[in-house]
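These values consider heavy atoms only, across backbone and side chains, with no hydrogens, waters or symmetry-generated copies. Chain letters run A, B, ... following the sequence lines, proteins first, then strands; residues in each count from 1. The structure displayed is predicted, hence computed values, not measured ones.
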2 protein chains.
Amino acid sequence: MKAPRQSDVARVAGVSQSAVSRVVSGDIDRIPQETQERIRAAVKELGYVPNAAARNLRNKRNRLLGVHTFEAVFPHAREDFYFEFLLGIEERAEEIGYDLVLFTSTGTSDGRRRIYRDGTNRLNLADGTVLLGAATDREELARLWHDGYLFVHIGRREVPGAEIPCIIPDYVSAADRLVTSLAERGHRHFAYLRSGIEQEAYADRRAGYRNAVERLDLQDRSPGFRGEPELTEEWLDELASGPETAVVAENIGLAEHLRTGLAARGLSIPGDLSVAVLEGSGDEPGHRWDCLVIPRKEIGRIAIDALVARVENPDEEPVSQLVACDLVAGETVAAPRVKE
Amino acid sequence: MKAPRQSDVARVAGVSQSAVSRVVSGDIDRIPQETQERIRAAVKELGYVPNAAARNLRNKRNRLLGVHTFEAVFPHAREDFYFEFLLGIEERAEEIGYDLVLFTSTGTSDGRRRIYRDGTNRLNLADGTVLLGAATDREELARLWHDGYLFVHIGRREVPGAEIPCIIPDYVSAADRLVTSLAERGHRHFAYLRSGIEQEAYADRRAGYRNAVERLDLQDRSPGFRGEPELTEEWLDELASGPETAVVAENIGLAEHLRTGLAARGLSIPGDLSVAVLEGSGDEPGHRWDCLVIPRKEIGRIAIDALVARVENPDEEPVSQLVACDLVAGETVAAPRVKE
DNA sequence: CCAGAGTGCTCATACGTATGAACGTGCAGC
DNA sequence: GCTGCACGTTCATACGTATGAGCACTCTGG
């Protein structure tokens, strides 16, 4: 029960293989209606369907988009990092009639996933690929780019000498707006909680934060603002007795940590200190932080559109896109408390 | 900026393309160490990577497994039917080095997904496909089977004249054990809440339930047991005053409905009536029912293994597999209350 | 009646790889 | 010196598709 080929169809329809190819791939300028119908009938009769590998070898598109994540796609929690992205990716792919390949085969024993493994780059099975992952491997990105492979990356990634097209949450603007709104509520003395991880996404948050602080002439004497990622007991003591009324944290983990530290000192949020977070999806379980909302589903959709644009027009220069993030009010920001 | 091919490597290493192919794909019985090393060096120098499409074309396999669901895979923020299955599917596929194709392109305007559309069957892209979906289309299954396409179905599906290989939660045994454990706690008078939907999975539950009732010589005078899916006000009244001490519901929806009806009559669960459910994953939100646990992740893994077995050995007869379901204690079963 | 322009189709080839068959060489055994 | 054999390598081909070039034929206008 072998899958039928174009030549089988051709035999049934009484034409050549090329004619079949022309009809199935839409190059029908010079093929009369009547012949087309005969071929289509044969296609239907035999249940012919194009062979993706062969097509792809001939450098034709397969209406197949890859999704490569550098960690497992379906981790064990629903509030999963990828879930919302995938939602948008699937939704949009379905709308425009593309299938999705999840490149899972690239797993290694250490739990990381690599694109290039024992030599192979499976990705080229797809017409193009969306890459995501907190721990994206720079070297692989660079290599992929140099091989001329079509892809877009969700989240900013910078590789020297390569022009990676990224879909980027606009952290710069969001961080700026978040600080601005705190300032509008009367806060003047800020502290910044900085993650120990160095990543482009954090750099953007920092830039936005710094912009706003300088523009609005606010005060910040925190180590995070100076570039030190410490959240030490000493600093918490200083914070408790200092002039600061608002804290901006780079991520939720840091904010939770802060909450614990403050509680140990008898301080509450937002009663004693307002806290806002530069991360979130708007529906986290647990405490409702004032935060920005990364429109993950939207980003997934945009990534697909950007990828398809590249697939359909490979010569155009790839460009990165910023996606605006809303701010969402939670229960952790209030007017500044006057400290005596 | 095109990716190098074996022939490029061959030129650099001063050998033929076949020699390169032999070395990169491990057929090195008759290639001396020295030559191998020369070739490997050239591979490294050029950054050669095998072309997956060409490989696939050659050996007729894509190492690609399909996943086709008859509804959207990532339902929209809904308590998700597929999620756990996918977890297992992805996990296992990764372990054995297969990629996954999500067939999303097959969506139609009515929201349903069809395999055959304008005569073609996209599934052929993959070496084989896992099918799932509450609303699996029987006709398409039959056709797929007759076309000799390789697939397995998660959940029992019966189509006359076709031998569909299914991965099936063992509802028969689980329902039997569930009733048995209720009987062991002293229950003798049962009622059965039957869904209006006719599906193989429900038939299994009913069979298991009936087995246990007959074997243990229990009493059941409920419409559900007789084959009528009614949960009417009249019947609830009868239940409230009747001898029944335990109710078995086919799914959680029915059980919730029952709880409401009983509450309206001043009856509580499990104080007045014990209720157990023939559905569940063990971690539903809301009330903790005594129920069976469908090992979804496990089922996903088994499906992949079954599928790969078929792919690698297509001549063997396809077989269905039962997967055991655990029972889990909740808060809705107690010893029977003596009614006066 | 012929040049030129369509029209309807086929030929031939390339894409990159894997592999059975074949080839040439050197060497042992008789 | 010839046969047989092991070794190292290459040849040739197939996988299924897409497509520029080309062929045979018909029609149109002059």
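- V20(B) comes within 4.0 angstrom of nothing in the nucleic acid, heavy atoms only.
- In this structure the side chain of V152(B) never reaches within 4.5 angstrom of the side chain of I154(B), judged on heavy atoms.
- Between R92(B) and E95(B), at least one side-chain N (NZ, or NE/NH1/NH2) sits under 4.0 Å from a carboxylate O, which counts as a salt bridge.
- Along DNA chain D, the nucleotide closest to S18(A) and the one closest to V15(B) are compared, and the more 5′ of them pairs with V15(B).
- Partner of R301(B) under the salt bridge (charged side-chain N to carboxylate O under 4.0 Å, His left out) criterion, chosen from E90(B), E91(B), E84(B): E91(B).
- Protein chain B contacts DNA chain D over a range whose 5' and 3' limits, counting nucleotides with an atom under 4.0 angstrom from a non-hydrogen atom, are dC7(D) to dG16(D).
- The residues E200(A) and R138(A) are annotated as salt-bridged, a charged nitrogen and a carboxylate oxygen being separated by less than 4.0 angstrom.
- Of the residues in residues 23-45 of chain B, those with a non-hydrogen atom less than 4.0 angstrom from any atom of DNA chain D are R30(B), P32(B), T35(B).
- Comparing the helix axis at one end of the helix from dC1(C)-dG30(D) to dC30(C)-dG1(D) with that at the other, each defined from 5 consecutive pairs, gives an inter-axis angle of 60° (nearest 10°).
- R55(B) is listed as a side-chain neighbour of S25(B), based on a closest heavy-atom distance under 4.5 Å.
- Within a 6.0 Å sphere centred on CD of E163(B), heavy atoms belonging to other residues, nucleotides or ligands number 12 at most.
- Classification of R156(A) and E158(A) as a salt-bridged pair holds, one side-chain N sitting under 4.0 Å from a carboxylate O.
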